[in-house]
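To start, the structure itself, in structure tokens.
No hydrogens, no waters, no symmetry mates; every other heavy atom, side chains included, goes into these values. The structure presented is a predicted model; accordingly, all values stated were derived computationally and were not measured. Lettering of chains follows the sequences in order, A, B, ..., and the numbering in each one begins at 1.
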There are 2 protein chains.
Amino acid sequence: MSWRKEQRRAERGYHHGNLKEALLQAALGLIAEKGAAGFTFADAARMAGVSAAAPYRHFRDRDELLSSIAQRGFEQFEARLSAAWDDGRPDTVTAFERVGKAYLAFAREEPAFYNAMFESGVPVDANPALQAASERAFNIIRAAAERLAALTPPGTPRPPAMMMALHIWSMSHGVASLFSRGDAARRKLPMSPDELLEAEVLIYLRGLGFPIDRRPAGKSAEPPPVPPEAPSGSGVPPGGPWGKPK
Amino acid sequence: MSWRKEQRRAERGYHHGNLKEALLQAALGLIAEKGAAGFTFADAARMAGVSAAAPYRHFRDRDELLSSIAQRGFEQFEARLSAAWDDGRPDTVTAFERVGKAYLAFAREEPAFYNAMFESGVPVDANPALQAASERAFNIIRAAAERLAALTPPGTPRPPAMMMALHIWSMSHGVASLFSRGDAARRKLPMSPDELLEAEVLIYLRGLGFPIDRRPAGKSAEPPPVPPEAPSGSGVPPGGPWGKPK
DNA sequence: AGCTCATGTGAACGACCTTTACATGAGCCG
DNA sequence: CGGCTCATGTAAAGGTCGTTCACATGAGCT
């Protein structure tokens, strides 16, 4: 019954020592379980073994805790996108696709963060630190787009990198939101979200003039058939980025 | 203080007469104001001038009301997409772009519905009627994609229509969620969400092999420079769907 | 006229968010 | 070492919500 609380208290004394962190962790777990909407401040406090009022010493209110989690999420998001981009190695297009996959992987593997970041209703511009973190994450995509834009084959016009970045972001976010999340809006699909996004991005890049050859979405990823950073090939390849023509 | 309630009662008698509808309307207004998360069952009841327990005669719980609104939203969504598609008139590509714009317009003009449909955490598969409505809406996009896929120029492989539909949906949803909503995740953009999506779709279609000429996003929309349904032109046009090359 | 049942009321319960006054004890200063 | 201070925690209380229950009302049928 209540010996639990006593014991907890006995274990750690009157002061918790690391409550802020414990609350963040507890909240993260709760959000992963029940979504940002179902997460409750009181529950996080309970889970940390403190009274319901204690969290207010560390967060102005429930929203600030949520906002903190979102910020942390954007930081990890940036780290993962950054690692995936790997400064464009081994070649820009390969790295670019890896970023898209990293986006989906993050949405899938860190549902709590993703939820807090994009689906919790936290206004990004409420917290300057949050906004900054969000911007840093986007800047990875932006930088990648910049490099990609510089590679447009001669003869084709160069698209604005910012626009490309926004396009890629919207595709990734659209696929992740609609098809790649755990509980909510899952639909039956003829292909995996990863394949769906990969095909989408490849078709898009082809529309920009990049000579993209078909890639059956899972083959050996390494050997770039073109000398890296030197676009070759004719305009329109016979195959497409999707499985089989016809 | 409380004469208000008395007067309400005097006006309409003990029975409301149309409470279900009144609740739906009230909830819609509240969601538009404060989002699906901030909307409260009690508030809706107050707004309709009834006690807090009355709504339970019409909805099992708060979630069912939300789900009903989402369903209604999908119905209106379908109607608008359907009208925009207009069975592919005057030509398939024009109609297709109109569907994309209708998607954004709906997200912008009916934030309450959009919120309930996509951001409220209502599981689509909870309510069969909701799921059916959602599917009907998607089928508009699917049908349009089907027609478009049938138009792929000779020599280019034909993409699966379902995949195209999912791609278009994810682009539209991504742009709408990230950039085209009222309060939440608004970012500064170099172009309007409409232009962003239009360019995205055009580039994508070009990637599929459609001969898309540049369209400065706002010119006279009517005259199709190609005989309708007879793709012409060379492979790669000199301009792009974005503003200016270079 | 009388019955019935859908529809609405008020009271009550438990959970949550948040504030306030008070308690505790860790760290510092003499 | 003794005492002070202030960050950190607690209990209690007020307000709102969601939800249920027993009871009230009256619209519509017989």
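- Comparing atom distances between the Leu19(B) side chain and each of dG8(C), dG18(D), dG9(D) picks out dG8(C) as nearest.
- For dG18(D), the OP1/OP2 oxygens have a side-chain nitrogen or oxygen of Thr40(B) closer than 4.0 Å.
- Spacing between atom CG of Asn18(A) and atom P of dA7(D) amounts to 18 Å, rounded to whole angstrom units.
- In this structure, the separation between CD1 on Ile141(A) and CG on Leu81(A) is 5.5 Å, given to the nearest 0.5 Å.
- The interatomic distance linking Phe59(A) (CZ) with dA7(D) (P) rounds to 17 Å, in whole Å.
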* Asked: Could you run down nucleotides 19-27 of chain D 5' to 3' and tag each one B, S or - for protein heavy-atom contact under 4.0 Å?
  -> BB-BBBBS-

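- Among the protein residues, Gly38(A) comes within range of no part of the nucleic acid, since none of its heavy atoms lies under 4.0 Å from any strand.
- As a whole-Å value, the separation of Leu30(B) CG from dC17(D) P is 11 Å.
- Look at His58(B) and you won't find any side-chain N or O under 4.0 angstrom from OP1 or OP2 of dA6(C).
- The side-chain heavy atoms of Ile203(A) and Met163(B), taken from C-beta on, include a pair separated by under 4.5 Å.
- The listed nucleotides are dC17(D), dC16(C), dT9(C); the one nearest the side chain of Asp43(B) is dC17(D).
- Taking atom CZ of Arg46(B) as the reference point, atom C1' of dG15(D) lies 11 Å away to the nearest angstrom.
- Salt bridge Arg72(B)/Glu21(B): present, at least one basic N to carboxylate O contact under 4.0 Å.
- Within the 4.5 Å cutoff, the side chain of Phe113(A) has no heavy atoms near those of the Phe74(A) side chain.
- Counting to the nearest Å, the C1' atom of dG9(D) and the NZ atom of Lys20(A) are 16 Å from each other.
- Using a 4.0 Å heavy-atom criterion, one finds that Ala42(A) contacts the sugar-phosphate atoms exclusively.
- A salt bridge is defined here as a Lys NZ or Arg NE, NH1 or NH2 lying under 4.0 Å from an Asp or Glu carboxylate O, and Glu109(A) with Arg80(A) meets this definition.
- Of the inter-residue distances, the one linking Met117(B) atom CE with Gln76(B) atom CD reads 9.5 Å to the nearest 0.5 angstrom.
- When ring centroids are compared, Tyr114(A) and Phe77(A) stay outside the 6.0 Å threshold.
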